[in-house]
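Since the structure is predicted, the reported quantities are computational estimates derived from the model, not experimental observations.
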Amino acid sequence: MASILMATIALSIDVMLPALGEIASEFGIAHDNRRQLVIVTLFVGLAAGQLIFGPLSDAIGRRPAITVGAVIFAVGGGVCALSSTFEGLIAGRLLQGFGAAGPRIVTVALMRDRFEGRAMAQVMSIIMGTFIMVPVLAPSLGQALLVFMSWRGLFGFLSVVCLLGTVWLLLRQPETHVDRQRLGAKTLKIAARQVVTDRCAMAYTLAGGFCYGALMGYIGSSQQLFQETYRVGDLYVILFGVSAAFVSAATFTNSILVKHVTMEGICVVAVGALVAWSAAYLAIILAAGSLPPLWAFMLFNCPALFMLGLTFGNFSAIALQHLGHIAGLAAAMTASLLTLVGVVGAALIGFSFDGTVVPIVLGYLLSGLIAVALMRLCPSRREPL
């Protein structure tokens with residue numbers, strides 16, 4: 001149930017990718033990279049909304065908070081579908097992202113209510129695996145739906161999927177947060193201080209944000225890279241799906257590894273390997289001085305995405321490991337910060353896109369280097385089994 005709602009967010013990103021060219025054409029977008037705002041803006045709304053829905057779920061419960069978010073998401077989809085200007089579409093996406101924060105962040109808090117430590121990392125890896133499996137099918141689904149409807153119809157489709165997933169959760173998932181907390185300024189200030197002063201929570205949240213930004217930078221640039229640089233046409237959805245499958249496979253692999261290896265150890269090894277892999281590939285393509293063949297980029301990109309995928313379930317679990325007593329607010333603050341850092345990183349990569357693979361590879365490398373440095377700031381500590 002939680003996986004369905006998490007997957008709705010992924011669907012709202014990737015089902016739109018095949019329509020970006022059509023949207024740019026309809027609104028007469030002059031700068032090609034500007035179309036990526038359709039993706040980036042969703043995450044801006046998500047980052048802001050998570051700060052609201054986390055504490056709200058501590059005060060009113062997980063189920064009501066998820067429901068409010070789903071309704072806002074659906075309204076945002078309606079605004080997008082009816083927009084007559086590109087600015088109106090972006091406003092709708094901002095509202096959609098704000099509403100998506102309800103299902104996104106409250107699901108994490110719900111998992112923290114029930115699990116902690118390695119157990120939470122294992123569960124979050126499975127949920128993230130399902131969440132990331134959606135991109136394997138979403139572009140193909142979006143392209144298929146575009147045969148029968150315009151890009152506006154895709155937003156109505158997303159609203160319906162989100163509402164149906166919410167109804168299913170309300171029917172099947174009991175409330176997990178019965179010890180409600182007052183939503184007062186003093187309470188929020190005390191809880192926020194606990195989150196901010198937890199060195200490991202901050203270090204792994206920021207590290208996760210940079211890694212997430214690297215992934216989103218690739219996703220935002222992928223339509224231009226595959227369809228306009230490599231000119232693969234409809235094969236784009238297949239190539240994108242193959243890449244996404246490696247991220248999803250990594251999250252499921254992590255759910256097995258975390259039973260035997262520390263979460264911190266997995267993150268350090270995976271990000272360190274990403275840095276070495278990206279540095280080597282960047283040196284090769286810069287020395288060659290030309291665009292690498294498509295097969296060579298795929299040979300690099302799929303393992304790089306696998307390395308990134310090994311970290312996602314662990315970053316959140318480590319950050320929340322000692323903050324279970326304020327799970328809603330802690331999940332909100334860490335996820336919002338992670339998303340905000342990711343949005344900035346994705347925007348820098350996306351708007352630097354120059355028709356080559358260099359901005360994407362460089363994004364992997366720099367994000368990985370920063371993440372390694374941040375993880376070194378956190379002293380090792382024993383994980384609860």
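- Rounded to the nearest 0.5 angstrom, T229 OG1 and F353 CZ are separated by 3.5 Å.
- Screening L257, T251, V271 against L310 for a side-chain contact (heavy atoms from CB on, under 4.5 Å) leaves a single residue, L257.
- Applying the salt bridge (charged side-chain N to carboxylate O under 4.0 Å, His left out) test to residues at least two apart or on different chains, the pairs with a partner in residues 78-95 are R34-E87.
- Side-chain contact annotation: S222 with Y236, donor-acceptor N/O pair under 3.5 Å present.
- Of all heavy-atom pairs spanning T85 and F27, the tightest one is C-CE2, 3.3 Å.
- Between Y204 and N314, the side chains place no donor N or O within less than 3.5 Å of an acceptor N or O (distance only, hydrogens not considered).
- For the pair Y218/S243, a side-chain contact is recorded, criterion being any heavy-atom separation below 4.5 Å from C-beta on.
- Partners of Q224 by side-chain hydrogen bond (donor to acceptor under 3.5 Å, both in side chains), not counting sequence neighbours, listed by chain and number: N33, Q36.
- Rounded to the nearest 0.5 angstrom, I370 CD1 and L206 CG are separated by 10.0 Å.
- Across every non-hydrogen atom of M298 and L239, the tightest pair is CE-O, 3.7 Å.
- Closest approach of W151 to S83, counting heavy atoms only: CH2-OG, 4.1 Å.
- The OG atom of S221 sits 9.5 Å away from atom CG of D354, with the distance rounded to the nearest 0.5 Å.
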Stepwise side chain to side chain contact (heavy atoms under 4.5 Å, CB included) check, I219 with F240: CA-CA 8 Å; I219 290 176; F240 184 85; 4.1 Å; yes
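- Heavy atoms only, all atoms of each residue included: Y230 and P292 are closest at OH-O, 2.8 Å.
- With contacts defined as side-chain heavy-atom distances shorter than 4.5 Å, the pair F155/V79 does not qualify.
- Here the side chains of V247 and L308 are not in contact, with every heavy-atom distance at 4.5 Å or above.
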